[in-house]
> 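Structure provided below as structure tokens; questions to follow.
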Amino acid sequence: MKWIDHESYIEIYPPKEFNFEECLIFLGRSNQEVLHQIKEGSLYKLIKVNESLILCKIGSINHSIKVEFPISSPSIDSRKKVAEYIWEWFDLDQELGGFYQLAGQDKVLKTLAHKYYGLRILCIPDLFEALVWAIIGQQINLTFAYTLKKRFVEQYGESLTFEGETFWLFPSFEKIASINADDLRKLQFTNRKAEYIIDIAKAMINGGLTKELLLQKNDYQQIQKSLMMIRGIGAWTADYVMMKCLHQASAFPIADVGLHNALKNLLGLKEKPTIEEIEEYAENWGGWQAYATFYLWRSLYDKKI
DNA sequence: ATCCAGGAACTGT
DNA sequence: ACAGTTCATGGA
């Protein structure tokens with residue numbers, strides 16, 4: 001991680017292939033998002049480190065990321081943790097040179113890679129948040145998924161109000177492990193989703209499910225297998241979480257409906273492609289399937305036909 | 001009203 | 001191993 005501490009603010013230096021504005025477009029895709037807000041080109045995000053809530057104002061200057069602290073500057077140790085969070089959020093450990101090289105010769109990715117150059121996977125560094133968001137998104141439309149997430153966060157998350165605006169933190173697994181399925185049904189979660197989510201929270205309380213344990217496996221197949229042993233996590237969810245939380249560039253949620261729609265629009269197909277057809281398109285995406293998928297998702301947000 | 005949504009578990013063969 | 005069914009509800 002490259003960063004410089006200026007006490008009242010910090011600066012983060014991303015790798016060459018980075019465009020903050022492109023990332024902001026993706027982050028602004030839903031007007032129902034509660035976990036960050038975008039105002040006048042700046043991104044506001046509440047982060048919890050060392051048991052304290054820190055409001056961050058994140059902007060871009062001269063190819064670096066500037067993080068200010070509108071309420072008060074945290075300790076040096078906390079500032080470093082904030083930098084680490086943001087580094088991970090924007091997937092800045094990834095060197096995208098290989099992806100762009102491959103994309104330049106790929107008929108599906110060529111245009112996208114050029115058009116959205118510098119876009120990175122916007123990650124969900126917190127494992128519990130990534131799992132819950134994926135489960136919420138299963139088999140329902142995204143608008144309703146955001147509604148459920150908003151209710152969940154506003155019911156069980158911590159918050160902080162500054163200058164009349166309220167900023168939210170995703171609920172902790174400790175909190176969710178202490179509620180029961182009926183509580184979530186009141187928010188219009190289905191019984192199954194409620195059970196999946198609470199079971200996962202309990203597994204995380206026990207310490208049997210952590211990001212560190214998953215990353216220790218350090219092998220795509222092994223991680224996928226461990227995730228899929230958990231009730232409520234199938235192939236799609238496992239790949240989604242590996243992509244958005246575990247930084248696995250080979251993760252490929254091939255059954256994803258958004259991916260199918262993006263390919264259909266982009267290629268002007270009459271029907272959504274089959275899995276076999278997608279495998280053919282993806283023949284040369286080896287090692288970068290997650291980025292290919294993410295750029296295709298991005299294309300859904302400026303191509304309303 | 002009808003179809004389907006950023007799926008997964010369950011059931012029967 | 002594989003295919004069909006059920007879960008459940010809001011959005012377009």
Side-chain angles (χ1 to χ4, degrees), chain A residues 25-35 108 112 116 119 121-124 127 129-152 155 170 181-201 203 209 224-246 248 251-266 269-279 281-282 285 289-305:
Chain A
I25 291 173
F26 192 90
L27 288 172
R29 69 194 183 284
S30 169
N31 51 20
Q32 296 191 88
E33 179 60 63
V34 277
L35 296 178
V108 176
L112 299 179
Y116 309 134
L119 171 67
I121 293 180
L122 280 310
C123 295
I124 305 176
L127 178 63
E129 179 184 341
L131 286 165
V132 171
W133 176 232
I135 288 167
I136 286 176
Q138 289 169 0
Q139 189 59 17
I140 59 172
N141 64 75
L142 267 183
T143 310
F144 184 49
Y146 275 107
T147 302
L148 287 179
K149 173 168 127 176
K150 188 171 189 310
R151 288 178 188 161
F152 184 72
Q155 182 73 47
F170 196 79
D182 285 341
D183 296 324
L184 290 182
R185 295 224 54 178
K186 286 176 196 147
L187 308 183
Q188 284 179 287
F189 282 63
T190 64
N191 203 29
R192 288 223 178 130
K193 283 184 196 214
E195 288 173 6
Y196 297 162
I197 288 167
I198 292 168
D199 284 354
I200 285 172
L209 173 62
Q224 189 187 43
K225 200 171 141 192
S226 323
L227 283 169
M228 287 178 65
M229 285 175 62
I230 301 165
R231 183 161 174 265
I233 301 182
W236 178 85
T237 306
D239 276 302
Y240 182 87
V241 169
M242 286 190 287
M243 168 177 175
K244 297 275 283 188
C245 181
L246 303 175
Q248 301 293 305
F252 192 19
I254 194 166
D256 182 77
V257 178
L259 174 68
H260 301 174
N261 286 329
L263 283 167
K264 177 171 174 259
N265 291 342
L266 187 68
L269 309 174
K270 286 182 182 171
E271 303 292 335
K272 284 184 282 191
T274 64
I275 298 296
E276 292 73 24
E277 287 164 342
I278 298 171
E279 281 169 348
Y281 295 129
W285 298 355
Q289 292 91 335
Y291 265 86
T293 301
F294 199 75
Y295 273 56
L296 281 159
W297 284 348
R298 167 66 181 84
S299 75
L300 290 168
Y301 296 103
D302 57 14
K303 257 195 186 170
K304 299 292 176 207
I305 299 174

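Protein chains get the first letters and strands the later ones, always in sequence-line order, with residue 1 at the start of each. Keep in mind it's a predicted model, so treat the numbers as computed, not measured.
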> Assuming nearest nucleotide by heavy-atom distance, tell me which of A:Met243 and A:Met228 is located more 5' along DNA chain B.
A:Met243
> With distance as the sole criterion, is a donor-acceptor pair present between the side chains of A:Thr147 and A:Gln32 under 3.5 Å?
yes
> So, for A:Gly232 and A:Gln138, which heavy atoms are closest and what is the spacing to 0.1 Å?
O-NE2, 3.0 Å
> Mark yes or no for whether A:Lys264, through its side chain, and A:Pro273, through its backbone, hold a donor-acceptor pair below 3.5 Å.
no
> Which part of the nucleic acid, if any, lies within reach of A:Gln139 when heavy atoms closer than 4.0 Å are counted: base, sugar-phosphate only, or nothing?
base
> Can you say whether the rings of A:Tyr301 and A:Phe26 are parallel (under 30°), tilted (30 to 60°) or perpendicular (over 60°)?
perpendicular
> Report which part of the nucleic acid A:Lys244 touches: base, sugar-phosphate, or nothing (heavy-atom distance under 4.0 Å, all strands).
nothing
> For A:Asn191, answer base if it contacts any base atom (sugar-phosphate contacts may also be present), sugar-phosphate if it contacts only those atoms, and nothing otherwise; contact means non-hydrogen atoms under 4.0 Å.
sugar-phosphate
> In whole angstrom, give me the gap between the P atoms of B:dG6 and C:dT5.
24 Å
> Of all heavy-atom pairs between A:Pro253 and A:Trp297, which one has the smallest distance, and what is that distance?
CG-CZ2, 4.3 Å
> With heavy atoms under 4.0 Å as the rule, sort A:Ile135 into base, sugar-phosphate or nothing.
nothing
> Within the 4.0 Å heavy-atom criterion, would you say A:Ala235 contacts the bases, only the backbone, or no part of the nucleic acid?
sugar-phosphate
> Base, sugar-phosphate or nothing for A:Arg29? Non-hydrogen atoms, less than 4.0 Å.
base
> Between C:dG10 and B:dA9, how far is it from one P atom to the other, in whole Å?
23 Å
> Can you give me the first and the last nucleotide of DNA chain B (5' to 3') that has an atom within less than 4.0 angstrom of a non-hydrogen atom in chain A?
B:dA5 to B:dC10
> Which residue, A:Gly232 or A:Trp297, contacts DNA chain B at a nucleotide closer to its 5' end, judged by nearest heavy atom?
A:Trp297
> Specify the closest pair of heavy atoms between A:Leu148 and A:Leu187, including all atoms of both residues, with the distance to one decimal.
CD2-O, 3.3 Å
> When you measure from the side chain of A:Lys149 to the backbone of A:Val34, do you find a donor-acceptor pair of N or O atoms at a distance under 3.5 Å?
no
> Scan nucleotides 10-12 of chain C against the protein and return all N/O pairs shorter than 3.5 Å with their distances rounded to 0.1 Å.
{"residue": "C:dG10", "atom": "OP1", "partner": "A:Gln188", "partner atom": "NE2", "Å": "2.3"}
{"residue": "C:dG11", "atom": "O4'", "partner": "A:Asn141", "partner atom": "ND2", "Å": "3.0"}

> Mind checking A:Tyr240 for me? I need base, sugar-phosphate or nothing, with any heavy atom below 4.0 Å counting as a touch.
base
> Parallel, tilted or perpendicular for A:Tyr291 and A:Tyr295, by the 30°/60° rule?
tilted
> For residues 226-240 of chain A, which residue pairs qualify under salt bridge (charged side-chain N to carboxylate O under 4.0 Å, His left out), counting only residues two or more places apart or in two chains?
A:Glu195-A:Arg231
> Between C:dA8 and B:dT11, how many Å separate the two P atoms, rounded to a whole number?
13 Å
